[in-house]
Number of protein chains: 2
Amino acid sequence: MTAKSIRARVRDELTSEIKAIARRQLATEGANLSLRAVARELGMVSSAVYRYFPSRDDLLTALIIDCYDELGAAAETAESAVDRADLLGRWLAAGHGIRDWALANPAEYALIYGSPVPGYQAPRTTIGPAARTTDLILTLLADGVAAGTVAVPAAGTDPPLSPLLAAELDRIAALACPTVPRELLSRGTTAWIQLFGVVTFELFGRFQNMIEEGRRDFFDRQLRVMAAYVGLR
Amino acid sequence: MTAKSIRARVRDELTSEIKAIARRQLATEGANLSLRAVARELGMVSSAVYRYFPSRDDLLTALIIDCYDELGAAAETAESAVDRADLLGRWLAAGHGIRDWALANPAEYALIYGSPVPGYQAPRTTIGPAARTTDLILTLLADGVAAGTVAVPAAGTDPPLSPLLAAELDRIAALACPTVPRELLSRGTTAWIQLFGVVTFELFGRFQNMIEEGRRDFFDRQLRVMAAYVGLR
DNA sequence: CACTGTCAAGAGCAGTGCTCTCGTTTTGTT
DNA sequence: AACAAAACGAGAGCACTGCTCTTGACAGTG
């Protein structure tokens, strides 16, 4: 009833300040950021930070959730600016939104899409925010199916689906996008992997001495290749 | 002239033993392996290890080179077992060779294809071993061009190449695979990214709760989708 | 007022990468 | 064979890390 106590307010403020400083250090130190360094920059003693995050992993988890949410939001706002009927435009906007965020926050992208930390197991609370980008793409497909602006591939065009794989695709479709036919979901998954594959390659330095100036062009073209494969129009 | 001195033999032996122990610890500790722990397991004192590797980063570099070489060798031996004229078979063999090695050595794969370590800059000595897998694919394409068993895509089929991107592709082709036309190289690059994109997604846990049992089937199918796109036959 | 829970601070533990020194052993050269 | 140079393992030490525990001060509630 009563407004938040002073304590609670200060606590929330300090919590987000800790996360902000940690985010800044993430850029220079990578995943092995130092809780003590964060505390030092805050003018606190390291043990005090443990009042707010019970362990370094919990701080990392909080950062991961924030990053997933930021990336998801970036993709969504970019995509939402495009006419709903323009599937290709929405796909391009979402893709570039993801890439732009990743380029602006490379350490954060590495945190969520990079190598898993050996001892670290991502808690369940991360899967929701993590699903935002994939949900965006699935919604795109579902909208295309509803509007008839996406080509459902004829059977036999793609390599055959093993029964095992078909069952798994059906299971995914059933609980995420029931209107999307199996073959289309399969193609969408390919495009989804390609999207993040290109971004990951670019950020992790696999394009060095290969594609230098034309990276944005290259990414854009990959998006269009995949859009054509999926049948967006 | 003279045989290696005892010192040199012992040194070589210890050097590879250090690397072997480090490799084993890599599996459990990930990229932040401890030089002291390696020394401890060796029954040496930490400062003694510095006689063999001037820093922890140098140890990591040595491991990275070894891993690139192992991965390259695994892909090459898998691919070399297939009839030279069977381009699709060679592509599938190389792809599965890469994935099999990655599944057998996940920490090592993360080391070379995962998030870049913030302070670490890969020295030039790594680019040779790193190029083995891509060379394999480029040779595949060149062989296909020579034998006429790969379809060179007609102009206008794919989204247009920007002049910038076309120039970079030409530069790559000129010094790596002069006989491969630009459009084919472009498609090959797409396939190359998809290959490693799928492996990376699988190893970094992006398929959890999505594709579980059918991962090998899924990978195989992605390889075939890409083979069809590239025009291998 | 007193009580309860929260907080920052400090000391301390075990671990890390790395440097320097010290005595010993091996090597290559007179 | 003798000797200087190089290489080597061990140890101490520095500054750093994540984390725990204790202590004393403060705020919120009855």
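The model shown is predicted, which means the values in this text are computed figures rather than measured ones. In what follows, chains carry the letters A, B, and so on, assigned in the order in which the sequence lines appear, proteins first and then strands, with residues in each chain numbered from 1.
As rounded to whole Å, 13 Å separates atom C1' of C:dC18 from atom CG of B:D58. With rounding to whole Å, B:R56 atom CZ is found 18 Å from C:dG15 atom P. Nucleotide C:dT16 holds its P atom 11 Å from the CG atom of B:N32, rounded to whole Å. Distance CG (A:L60) to P (D:dG18): 10 Å, rounded to an integer number of Å. B:L42 places its CG atom 14 Å from the C1' atom of D:dC8, with the value rounded to the nearest Å. For the pair B:E13 CD and D:dC8 C1', the computed distance is 16 Å after rounding to whole Å.
Both B:V45 and A:L35 lie close to DNA chain D; mapped to their nearest nucleotides by heavy-atom distance, the more 5′-ward contact belongs to B:V45. When each of B:R40 and B:A8 is assigned the nucleotide of DNA chain C bearing its nearest heavy atom, the one mapping closer to the 5' terminus is B:R40.
With sequence neighbours left out, A:F219 forms a ring-ring contact (aromatic ring centres under 6.0 Å, His included) with A:H96.
A salt bridge does not link A:D66 to A:R23: none of the charged side-chain nitrogens sits closer than 4.0 Å to a carboxylate oxygen. Of the charged side-chain nitrogens involved, at least one lies within less than 4.0 Å of a carboxylate oxygen, so that B:D220 and B:R224 count as a salt-bridged pair.
Proximity of A:S47 to the phosphate of C:dA8: no side-chain N or O atom is located under 4.0 Å from OP1 or OP2.
Shortest non-hydrogen contact noted between A:E41 and A:R24 is OE2-NH1, 2.7 Å. Across all non-hydrogen atoms, the minimal contact from A:L59 to A:F53 is CA-CD2, 3.8 Å. A pairwise comparison of heavy atoms in A:A74 and A:G97 identifies CB-O, 4.4 Å as the closest pair.
Among C:dC18, C:dT16, D:dT17, the nucleotide with an atom closest to any side-chain atom of B:S34 is C:dT16.
Among the atoms of the strands shown, only primed sugar atoms or phosphate atoms (P, OP1, OP2) are found under 4.0 Å from some heavy atom of B:S55. The residue B:L33 sits close only to the backbone: its heavy atoms come under 4.0 Å of sugar-phosphate atoms, none of a base.
Residues from residues 20-30 of chain A lying near DNA chain C, meaning a heavy-atom separation below 4.0 Å, are absent.
The ring of A:Y229 has its center no closer than 6.0 angstrom to the ring center of B:Y229.
The base of C:dG15 does not come close enough to the side chain of B:R36 for any donor and acceptor atom to sit less than 3.5 Å apart.
Judged by distance alone, the side chains of A:Y109 and A:T200 do bring a donor and an acceptor atom under 3.5 Å apart.
A donor-acceptor contact shorter than 3.5 Å is absent between the side chain of A:E79 and the backbone of A:L136.
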Quick one: which protein N/O atoms are closer than 3.5 Å to N/O atoms of nucleotides 4-7 of chain C? Pair and distance per line, please.
from: C:dT6; atom 1: O2; to: A:R7; atom 2: NH2; distance (Å): 3.2
from: C:dC7; atom 1: OP1; to: A:R11; atom 2: NH1; distance (Å): 3.0
from: C:dC7; atom 1: OP2; to: A:R11; atom 2: NH1; distance (Å): 2.8
from: C:dC7; atom 1: N4; to: A:R51; atom 2: NH2; distance (Å): 3.4

